[in-house]
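Report on one structure; see the data block that follows.
Proteins come first, then strands; the chains are lettered A, B, ... in the order of their sequence lines, and each starts at number 1. All values derive from a computational prediction rather than experimental measurement.
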Protein chains: 2
Amino acid sequence: MAGAPNIREVALRAGVSVGTVSNVLNRPELVAEPTRERVYAAIAELGFVRNDSARQLRVGRSRTLGLVVLDVANPFFTDVARGVEDTANQHGLAVILCNTDEDPRKEASHLDLLAEMRVQGVLINPIDIDGRITALRGRGIPVVLFDRLGDPAVECSVAVDDVLGGRLAATHLIEAGHRSILFVGGPLTLRQVQERYEGAAAVVSAHDDVELTVLTTTALNVAAGRAAGDRLAAGGRDALPSAVFCANDLLALGVLQALTHAGLRVPADVAIVGYDDIDFAAAAAVPLSSVRQPRQQLGRTAAELLLAETTEDEHEHRQVVFEPELIVRDSSVR
Amino acid sequence: MAGAPNIREVALRAGVSVGTVSNVLNRPELVAEPTRERVYAAIAELGFVRNDSARQLRVGRSRTLGLVVLDVANPFFTDVARGVEDTANQHGLAVILCNTDEDPRKEASHLDLLAEMRVQGVLINPIDIDGRITALRGRGIPVVLFDRLGDPAVECSVAVDDVLGGRLAATHLIEAGHRSILFVGGPLTLRQVQERYEGAAAVVSAHDDVELTVLTTTALNVAAGRAAGDRLAAGGRDALPSAVFCANDLLALGVLQALTHAGLRVPADVAIVGYDDIDFAAAAAVPLSSVRQPRQQLGRTAAELLLAETTEDEHEHRQVVFEPELIVRDSSVR
DNA sequence: GCGCAGAGCTGAATCGGTTCAAAGACGGCC
DNA sequence: GGCCGTCTTTGAACCGATTCAGCTCTGCGC
C-alpha cells in the first residue's frame with residue numbers, strides 16, 4: 001500500500017471495478033456522475049497517480065516526443081526548442097531533449113534510446129541523414145527534419161530559405177551604396193553557410209560594379225569572428241571592404257568586437273550584417289542588422305507536422321520553407 | 001510480425017526461451033557464448049528493439065530524469081541543462097525538459113506528468129517549493145533543487161554563493177578606486193538579486209568613503225538594462241556613478257549599450273561589472289567584467305546528487321554551494 | 001555406479017493499466 | 001408480463017519484458 005497505490009486499490013476503495021476507474025480516467029463521460037465522483041474521491045484520498053508505463057505498454061506508444069539538436073547551448077536551437085515544447089505541451093506531450101554535439105555516434109545512441117522508448121516521433125536536425133533515421137521510420141516512428149529539407153516522398157521537413165536570406169542581406173548592402181562586400185563564414189561545407197553565400201553571390205553577380213570576396217572561418221562562433229575581424233583590421237584601412245556579411249550573428253559579434261577594438265567605426269568605416277537575429281544581436285554595442293529566422297515558429301511547425309503525421313489517416317509529407325526577414329539596425333546604416 | 005518484433009519472436013528465431021533472450025540483454029555473462037551469438041544474430045535479423053515501457057513496468061522505474069527550469073531560452077539554464085544532460089547520458093538516462101515560464105500552474109502540471117512517467121528523479125529550479133514537490137518525494141521520487149538551497153533534512157540542493165559574488169564585484173570596484181557604485185537590478189524580491197546586493201552592501205559598509213546606491217529594474221533582461229542606462233545618461237555627466245554593478249549580464253549589456261549610445265565611454269566614464277559571465281559577456285563591444293557562475297558544473301553536480309540519492313542505500317542529503325569567480329575584462333579596468 | 005555441484009536454460013508469474021464483449025439494471029411500450 | 005433499447009458496469013484478456021524457482025546436463029570425486 002505504501003508508496004504507489006494502483007488502479008486496483010482505487011477500485012476497491014471506490015467500490016467499483018478497475019474497468020470503471022479506467023473509464024473515469026479516460027472517458028469520464030461514459031461513467032454516471034455519482035460513480036465518477038466516488039472514483040475521484042478515492043483517487044484523491046489514496047494519492048493515486050497513473051502509471052504511464054503500464055498505459056504505454058497497452059496502448060503501444062508513449063506520450064513523449066524526441067528532440068535531437070546539435071547543441072542546446074546555441075541560442076538558435078534554444079528558441080526552436082521553445083517552439084517545440086509549447087506545441088508539445090498543448091497536446092499533453094513531454095519533450096525529451098538530446099544533444100548530439102555534431103557527433104554521429106551520439107546521434108545514433110540517442111536515436112536508439114528514443115526507439116526503445118517508443119516515442120511518438122522525433123524532431124531532428126540530422127547529421128547522418130540515413131542510417132538510423134530510416135530504421136526509425138521503418139519501425140513506424142515518424143521523423144521530421146528541421147533546418148534541413150529532406151525527401152518529400154518519405155518525410156516532412158521544415159527549413160528557412162537561406163538563399164533568400166543571403167539575397168536580402170546583399171541587396172540591402174548594395175542599396176545602401178556598398179560596392180565591396182566581404183562574406184565571412186565557414187566551413188563552406190555546411191549547407192546553411194553555402195546557401196547564404198550563394199544568395200549573396202547571385203545578387204552581386206547582377207551588379208557589375210559590386211565585388212564580393214570571401215573570408216572562410218573554421219567555425220561559427222564568436223572566437224572565429226574575432227579572428228576574422230583581427231585579420232581584416234590588420235590589412236590596413238585601405239584594404240577594408242565597405243561592408244561585411246557574416247554567416248551568423250556569433251561571427252558578426254566577433255567581427256564587430258575586433259574592428260571596434262582596432263579603432264574602426266561601425267558602420268562608418270565598415271558596415272556589418274549578421275544572420276539569425278539572436279537576441280544579443282539587438283543588444284550589441286552597435287545594434288546589429290541581421291537576417292531573422294522564425295526560430296520558434298520553426299519549432300512549432302515541426303512539432304505540428306509530427307503530430308499531423310501521427311494522427312492523420314492519409315498523411316502527405318510536407319516541406320515547409322519559411323522566408324527570412326531582414327532586420328535593419330545601426331550596424332549597416334550610416 | 002510487421003513493425004515491432006518482440007522478445008518472443010527473437011526467442012523463437014534463436015531457438016531459445018524468452019528468459020534467455022532477456023538474459024542476453026541484461027546479464028550476458030550468464031549465457032554461454034554460442035547461445036549468446038545466436039540471440040544477437042536473431043536480434044539483428046529481426047531488427048528487434050526492446051520495448052522500454054514493458055521493461056519499466058516490470059522494473060518499476062524509468063530511465064529518464066526530469067529537468068524543470070524557468071526558461072530554456074535563458075543562457076544560464078541552457079548551460080545548466082548541458083551539464084545535466086552530459087551526466088545523465090553517461091548513466092544511460094534521457095532528460096525530459098520542462099519549461100515553467102515562472103508559472104506555478106505549469107510547474108504543477110509538468111510535475112504531474114513526470115510523476116506519471118515514474119522518472120528516476122527531478123531536478124528543479126522551483127517556484128512553488130512546497131505543494132507538489134513534497135508529494136513527489138512522498139511517492140519515492142527524489143527531487144534535487146538547483147540554484148536554490150533547500151532544507152537539508154529533506155532534500156539535496158545545489159547553488160552558487162550569490163552573497164560572495166556580490167562581495168567579489170564590490171571589492172574589485174573599490175580596489176580599482178571607485179567610490180560611488182550603483183547597483184542595478186530587480187525585482188528585489190528575487191533571492192538572487194537580493195543576495196548579490198547584500199554581498200556588495202556588506203563590503204561597501206566597511207568603507208566609509210564609498211557610497212552604494214540602488215536602481216531597481218522590473219526584469220533581468222536587456223531591455224530593462226537599456227532603460228536603466230538611459231536614465232543614468234539622462235541625469236547628466238555629474239550625476240553619474242563611477243561604477244555600475246548589474247545583477248546579471250543581460251542588464252549589464254543593456255546598460256553598456258545605452259551609455260555608449262549616449263556618448264559615454266566604458267570604462268573611462270563609467271565602469272561596469274555584470275553577473276553570470278554568459279558567453280556574450282566576453283563578446284560585447286567592450287568585453288564585460290562579470291562574476292562567473294559554474295553553470296555546467298551546477299547541472300552536473302545536481303544530476304550526480306540525484307543519481308546518488310537513487311543508488312545509495314543510506315543517502316544523506318547534501319547542500320553544495322559553489323563559489324563564484326570574478327572575471328575581469330575591459331569594462332571595469334581603466 | 002552414485003551423488004553432487006554448478007553451469008545453462010526454461011517458462012510461468014508478474015508489473016498496472018486499457019479495452020471490449022457481455023452482463024445487469026431500468027424504463028417504456030404493446 | 002414480456003420484449004426491447006439504452007445506459008452502466010464488470011472482469012478477464014492483453015501488452016512485452018523481467019525474474020526466479022526449478023529442471024537438465026556435464027563432469028568430477030569416491
Atom pair distance, as rounded to whole Å: [atom1] in [X] and [atom2] in [N]:
X: Q56(B); N: dG16(C); atom1: CD; atom2: P; result: 13 Å
X: I7(B); N: dC9(C); atom1: CD1; atom2: C1'; result: 14 Å
X: L57(B); N: dC15(D); atom1: CG; atom2: C1'; result: 9 Å
X: R36(B); N: dG8(C); atom1: CZ; atom2: C1'; result: 12 Å
X: R118(B); N: dG16(C); atom1: CZ; atom2: P; result: 9 Å
X: E9(A); N: dG17(C); atom1: CD; atom2: P; result: 9 Å
X: L25(A); N: dT9(D); atom1: CG; atom2: P; result: 15 Å
X: E116(A); N: dA17(D); atom1: CD; atom2: C1'; result: 11 Å

Are [X] and [N] close enough that a side-chain N or O sits under 4.0 Å from OP1 or OP2?
X: R58(A); N: dC15(C); result: no
X: N51(B); N: dG16(D); result: no
X: T20(B); N: dT10(C); result: yes

Base, sugar-phosphate or nothing for [X]? Non-hydrogen atoms, less than 4.0 Å.
X: R61(B); result: nothing
X: V16(A); result: sugar-phosphate
X: T35(A); result: sugar-phosphate
X: R8(B); result: base
X: V31(B); result: sugar-phosphate
X: R27(A); result: sugar-phosphate

- Toward the 5' end of DNA chain C, by each residue's nearest nucleotide, E29(B) or N26(A): E29(B)
- Message: Pick the closest DNA chain C nucleotide for A32(B) and for A54(B) by heavy atoms, then say which residue is nearer the 5' end.
- Response: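 Checking each residue's closest nucleotide, the 5'-ward one belongs to A32(B).
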- Query: side-chain contact (heavy atoms from CB on, under 4.5 Å) with E309(A): which of H317(A), Q120(A), E155(A), E304(A)?
  - Reply: H317(A)
- Message: Could you walk me through whether R295(A) and F77(A) satisfy the side chain to side chain contact (heavy atoms under 4.5 Å, CB included) test, starting with their C-alpha distance in whole Å, then the side-chain angles of each, then the deciding distance to 0.1 Å, before giving a yes or no?
- Response: CA-CA 8 Å; R295(A) 299 182 296 277; F77(A) 290 115; over 6 Å; no
- Query: Roughly how far, to the nearest 0.5 Å, is CG of D52(A) from OG of S62(A)?
  - Reply: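 Atom-to-atom, S62(A):OG and D52(A):CG are 7.5 Å apart.
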- Item | Polar pair under 3.5 Å, donor/acceptor by atom type, side chain R55(B), base dT18(D) | no
- Message: Show, in sequence, the C-alpha distance, side-chain angles and deciding distance for V31(A) and T20(A), and conclude whether the side chain to side chain contact (heavy atoms under 4.5 Å, CB included) test is met.
- Response: CA-CA 7 Å; V31(A) 180; T20(A) 300; 4.3 Å; yes
- Item | K106(B) bridged to E85(A) by N-O distance under 4.0 Å |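 A salt bridge is absent here (no side-chain N lies under 4.0 Å from a carboxylate O).
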